[in-house]
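These notes concern the structure reproduced below.
These numbers were taken from a predicted model, which means no experiment stands behind them. Chain A is the first sequence line, chain B the second, and so forth, proteins listed ahead of strands; every chain is numbered from 1.
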Amino acid sequence: MSEQTGRTDEAATYDMTAAQERWRKVWEELDPFRVGSAGPDAEKRYALTMFPYPSGDLHMGHAEVMALHDVIARYWWQRGYDVLNPIGWDSFGLPAENAAIRNDEHPATYTYANIETQAESFRRYGISFDWSRRLHTSDPEYYRWTQWLFLKFRERGLAYRKNSPVNWCPNDQTVLANEQVVQGMCERCGAEVTKRELNQWYFKVTDYAQRLLDDMDALAGTWPDRVLAMQRNWIGRSEGAHVDFDISLADGSTRTVTVFTTRPDTLYGATFMVVAADAKLAAEVVAPAQQAALAAYVEDVRKATDIDRLSTERPKSGVDLGVTAVNPVTGERMPVWASDYVLADYGTGAIMAVPAHDQRDLDFARAFGLPVRRVVDVPDAEGNPEETFVATTGDGTYVNSGPLDGLADKAAGISRIIEQLEADGRGTGTVNFRLRDWLLSRQRFWGAPIPVVHCPDCGEVPVPEDQLPVRLPDDLRGADLKPKGVSPLAAAEAWVNTECPACGGPAKRDSDTMDTFVDSSWYYLRYLDPHYEDGPFDPAQAREWMPVAQYVGGVEHAILHLLYSRFFTKVLHDMGMVDFVEPFSALLNQGQVINQGKAMSKSLGNGVNLGEMIDRYGVDAVRLTMVFAGPPEDDIDWADMSPGGAVKFLQRAWRLAGDVTAPVGTSAEGGDVALRRATHKTLHEVEQLIEGHRFNVVVARTMELVNVTRKAIDSGCGPADPAVREAVEAVAILLSLVAPYTAEEMWERLGHQPTVARAGWPTVDPALLVEDTVTAVVQIQGKVKARLEVAPDISEADLEQLAMADPAVVRAIDGRPVRKVVVRAPKLVNVVV
RNA sequence: GCCCCGAUAGCCCAACGGCAGAGGCAGUGGUCUCAAACACCAUCCAGUGUGGGUUCGAAUCCCACUCGGGGCACCA
């Protein structure tokens with residue numbers, strides 16, 4: 001009902017809150033996103049978003065990732081795919097346990113209350129989840145299979161126990177995996193991590209190091225490069241050699257010690273050996289006279305946190321072990337030292353020190369007056385490291401290196417030394433990984449109990465499968481759960497005391513629980529049938545749906561969750577349970593929602609409350625703001641956003657629906673061609689933009705279409721033109737990906753039945769993508785001098801002829817000889833004079 | 001120290017190696033109004049962080065640097 005003023009007679013706005021309430025009920029009845037509803041012939045696509053941890057209500061970060069993820073899932077539905085888009089909760093973990101201690105409750109109380117709150121918020125937020133696949137990792141029905149998988153891994157030798165110095169968080173009173181220690185601090189609470197010697201369960205991820213590395217090649221292009229780089233970095237493959245050194249012990253015997261080095265070619269420059277002070281080896285080889293000194297030193301090292309250890313300015317420290325080792329190529333005796341700069345759990349825990357060509361070794365040599373011998377003459381070095389105390393690591397010519405002398409090729413030097421060592425039986429070429437086994441025991445309550453019984457007679461006995469799940473006791477609460485350095489389960493007498501499944505005698509349950517990352521390493525498979533009884537997942541469903549076609553989530557899981565899930569999938573593959581080796585074919589990492597340049601935090605007081613934003617602007621405007629903010633990978637600074645602008649745009653789009661007067665079902669054939677072209681061009685372009693995850697541009701294109709449609713109605717073909725209906729219906733369908741409530745309101749106003757979410761993607765008419773004429777640009781020396789309206793299929797020769805005949809071009813050339821003419825029909829001619 | 005990513009208008013961001021501007025925010029002027037809000041119309045605004053190179057032509061490709069963000073780090 002436009003008048004010449006452009007004002008509408010009808011109410012210029014609609015009530016977003018009322019729309020939200022209304023459509024939610026309709027959608028719940030229609031259940032439009034139930035998997036299988038696209039028909040039996042539809043291609044299947046699994047859309048997955050990282051499931052939330054139930055701490056409180058949803059926050060801005062959830063709002064962002066879900067909005068982005070939903071664009072893909074809803075687009076797939078519109079394109080006719082059968083989409084699996086499930087939701088569940090990663091519901092074991094520390095916050096619930098800490099809340100239980102505070103409130104004198106069981107952790108389940110907090111957990112399941114928050115899950116309900118979040119579920120309600122997700123529904124209001126209008127995400128296209130299939131709620132029938134809902135799961136919670138803290139349900140016995142779920143963790144039964146987490147435990148089952150643990151037992152299978154154990155059977156395959158992939159879950160084992162060992163004594164080892166482990167990362168200990170003194171605040172959370174539990175051990176941590178390497179992946180959970182960030183800069184020497186607990187990833188969760190920020191406390192400084194210390195070391196403890198404990199007997200713990202591990203998953204043997206290291207067996208899969210090479211495959212985890214190799215299989216990443218197939219993910220290149222569909223996973224962010226940065227995530228692949230981080231995983232490669234974490235796995236840390238390095239090539240080198242194992243070299244054997246004989247140590248003459250104080251009692252006259254000889255002990256062979258193997259070191260790992262990436263520079264076996266510098267072996268002639270090895271002038272001493274260093275072993276990790278806290279490794280067994282140090283205690284085993286130390287001379288009696290030095291035993292006390294070593295013990296004192298180790299005590300100092302133990303006390304130091306990783307923070308101290310990691311400081312590179314820290315002066316080198318160590319203890320002479322009072323024994324000597326024989327350099328296998330020179331035959332020279334060299335002293336053996338212990339130091340904390342050598343790590344017990346990397347390589348072999350012992351190194352050959354080549355001070356001339358390794359700065360750390362040189363610093364150590366200098367601190368203790370040990371000899372330095374240069375064996376590589378590096379041409380552009382600033383001087384001899386023996387004098388400058390600057391180690392040279394570059395390429396150069398070998399000197400003081402026996403048979404290598406004069407050689408100037410590092411690769412050749414390395415392979416020659418390895419050949420020599422292998423011939424002498426003193427070493428081998430080898431590959432070393434930085435990755436270490438995954439420590440999965442946790443001394444906390446709210447996790448899946450490790451399904452093992454310790455029997456005084458039979459030892460370690462797995463709980464039989466038919467006795468799974470080993471349920472958590474439900475009668476512990478509050479103070480019962482306080483961390484004591486051992487799991488609270490150890491004090492639950494009724495729970496921990498059991499009978500041995502093997503001999504029937506009295507025995508104790510393993511009282512540790514599993515790292516919650518075990519739970520999340522396989523949940524995507526459980527979604528396929530969360531109530532499946534015959535195994536952790538239905539293998540037939542896995543064949544149908546896996547791998548996940550698109551995974552969306554935060555980059556904070558680049559190593560932890562994603563590496564562990566890849567590991568699990570490979571093990572399941574080796575067990576013959578799945579027929580693929582990678583769980584997630586494509587990965588999208590959204591950025592963070594920040595405020596005023598900084599991450600939102602309580603201490604900064606810059607938090608933005610999602611519920612308040614929704615109350616103020618409505619769900620659609622918040623979602624639209626998230627999607628429109630910029631490329632999905634970029635951080636969104638909420639302070640730079642204008643959700644009010646999103647509201648304005650949605651109202652503007654919505655008003656279009658009220659202006660359409662052509663009846664429902666009117667063919668757009670014969671409608672205004674310019675508007676039809678704009679509509680079809682937009683739809684076509686959006687298809688490609690969504691494939692490329694450029695959702696912000698999708699919104700911009702939709703805005704553009706709204707603008708041209710507005711113009712067509714007010715000052716063009718008028719509201720009755722069938723092209724207007726076609727355009728507005730396209731707008732509603734485009735908006736259904738981002739702003740489902742507004743889209744539904746529009747769809748209804750246009751006279752359609754709900755739901756627009758399943759209306760189907762309009763068919764793009766290729767004939768409408770071709771323009772009658774295009775503008776060709778004529779440049780002289782790269783500067784635009786003229787524009788020509790030409791047919792899109794003009795030949796290069798014709799275009800060149802036209803261009804050269806143009807008066808402006810003739811004037812610009814000004815009689816100069818033409819050296820070259822570049823023609824790119826139909827868009828450009830460049831004349832070089 | 002090593003490895004990634006980024007830098008375009010006051011701000012958020014677009015631009016198959018081919019006219020630097022799609023969209024939005026903010027601003028300015030107008031229409032409407034008693035006035036305002038809303039809405040609508042119009043409009044202002046940078047030569048793409050710096051320096052080189054490749055090319056007929058570079059925001060785009062290459063090299064070096066600056067700044068910002070992130071990851072790894074006594075890893076032998």
Atom-pair distance (NE2 on A/His357; C1' on B/A76), nearest Å: 15 Å
Between C1' of B/G71 and CG of A/Asn589, the distance in whole Å: 13 Å
CG on A/Asn595 to CD1 on A/Ile636, rounded to 0.5 Å: 12.0 Å
A/Lys711, nearest nucleotide to its side chain (from B/C74, B/A42, B/C72): B/A42
Sugar-phosphate, base or nothing in reach of A/Gln779, heavy atoms under 4.0 Å: base
Sugar-phosphate, base or nothing in reach of A/Asp640, heavy atoms under 4.0 Å: sugar-phosphate
A/Tyr341 six-ring face occupied by A/Lys316 cation (under 6.0 Å, within 45°): yes
Nearest listed nucleotide, side chain of A/Leu343, among B/A76, B/G57, B/A73: B/A76
Shortest side-chain distance from A/Glu704, nucleotide among B/G57, B/G23, B/C72: B/G23
Sequence neighbours left out, cut at 3.5 Å: what donor-acceptor pairs do the side chains of residues 233-241 of chain A make with other protein atoms?
| unit_1 | atom_1 | unit_2 | atom_2 | d |
| --- | --- | --- | --- | --- |
| A/Trp234 | NE1 | A/Glu179 | OE2 | 3.1 |
| A/Arg237 | NE | A/Gln210 | OE1 | 2.9 |
| A/Arg237 | NH1 | A/Glu239 | OE2 | 2.7 |
| A/Ser238 | OG | A/Tyr346 | OH | 3.4 |

Euclidean distance, atom CD1 of residue A/Ile559 to atom P of B/G71 [Å, nearest integer]: 9 Å
Sugar-phosphate only, base, or nothing, as touched by A/Phe364 at under 4.0 Å among non-hydrogen atoms: nothing
Sugar-phosphate only, base, or nothing, as touched by A/Pro631 at under 4.0 Å among non-hydrogen atoms: sugar-phosphate
For atom CZ of A/Phe272 and atom C1' of B/A76, their distance in whole Å: 12 Å
Contacts of type ring-ring contact (aromatic ring centres under 6.0 Å, His included), residue A/Phe628, not counting sequence neighbours: none
Check: A/Asn233 side chain, B/C72 base, donor-acceptor under 3.5 Å: no
Side-chain donor/acceptor of A/Gln781 to base of B/G57, under 3.5 Å: no
For B/U28, the Watson-Crick or wobble partner whose two distances fall under 3.5 Å: B/A42
Separation of the P atoms in B/A42 and B/C56, to the nearest angstrom: 42 Å
Distance, C1' atom - from B/A59 to B/G47, rounded to whole angstrom: 9 Å
Residues A/Lys410 and A/Asp265 bridged, charged N to O under 4.0 Å: no
Sugar-phosphate only, base, or nothing, as touched by A/Val784 at under 4.0 Å among non-hydrogen atoms: sugar-phosphate
Nucleotide nearest A/Val822 (side chain, heavy atoms from C-beta), chosen from B/A15, B/C56, B/A14: B/C56
Qualifying residue, where the test is ring-ring contact (aromatic ring centres under 6.0 Å, His included) with A/Trp337 and the options are A/Tyr297, A/Phe272, A/Phe368: A/Phe368
Rounded distance in Å between the C1' positions of B/C40 and B/U33: 14 Å
Counter-base of B/U66, judged by Watson-Crick or G-U geometry with both distances under 3.5 Å: B/A7
Residue A/Arg694, side-chain heavy atoms: nucleotide from B/C74, B/G57, B/A15 that is nearest: B/A15
Gap in Å between the two P atoms, one belonging to B/C5 and one to B/A9, rounded: 22 Å
Side-chain donor/acceptor contact of A/Lys648 with base of B/C38 under 3.5 Å: no
Separation of the P atoms in B/G23 and B/U43, to the nearest angstrom: 12 Å
Integer angstrom distance from the P of B/C65 to that of B/U55: 24 Å
A/Asp634, nearest nucleotide to its side chain (from B/C74, B/C13, B/A76): B/C13
Sugar-phosphate only, base, or nothing, as touched by A/Arg701 at under 4.0 Å among non-hydrogen atoms: base
Given B/G24, B/A14, B/A15, the nucleotide with the shortest approach to the side chain of A/Asn707: B/G24
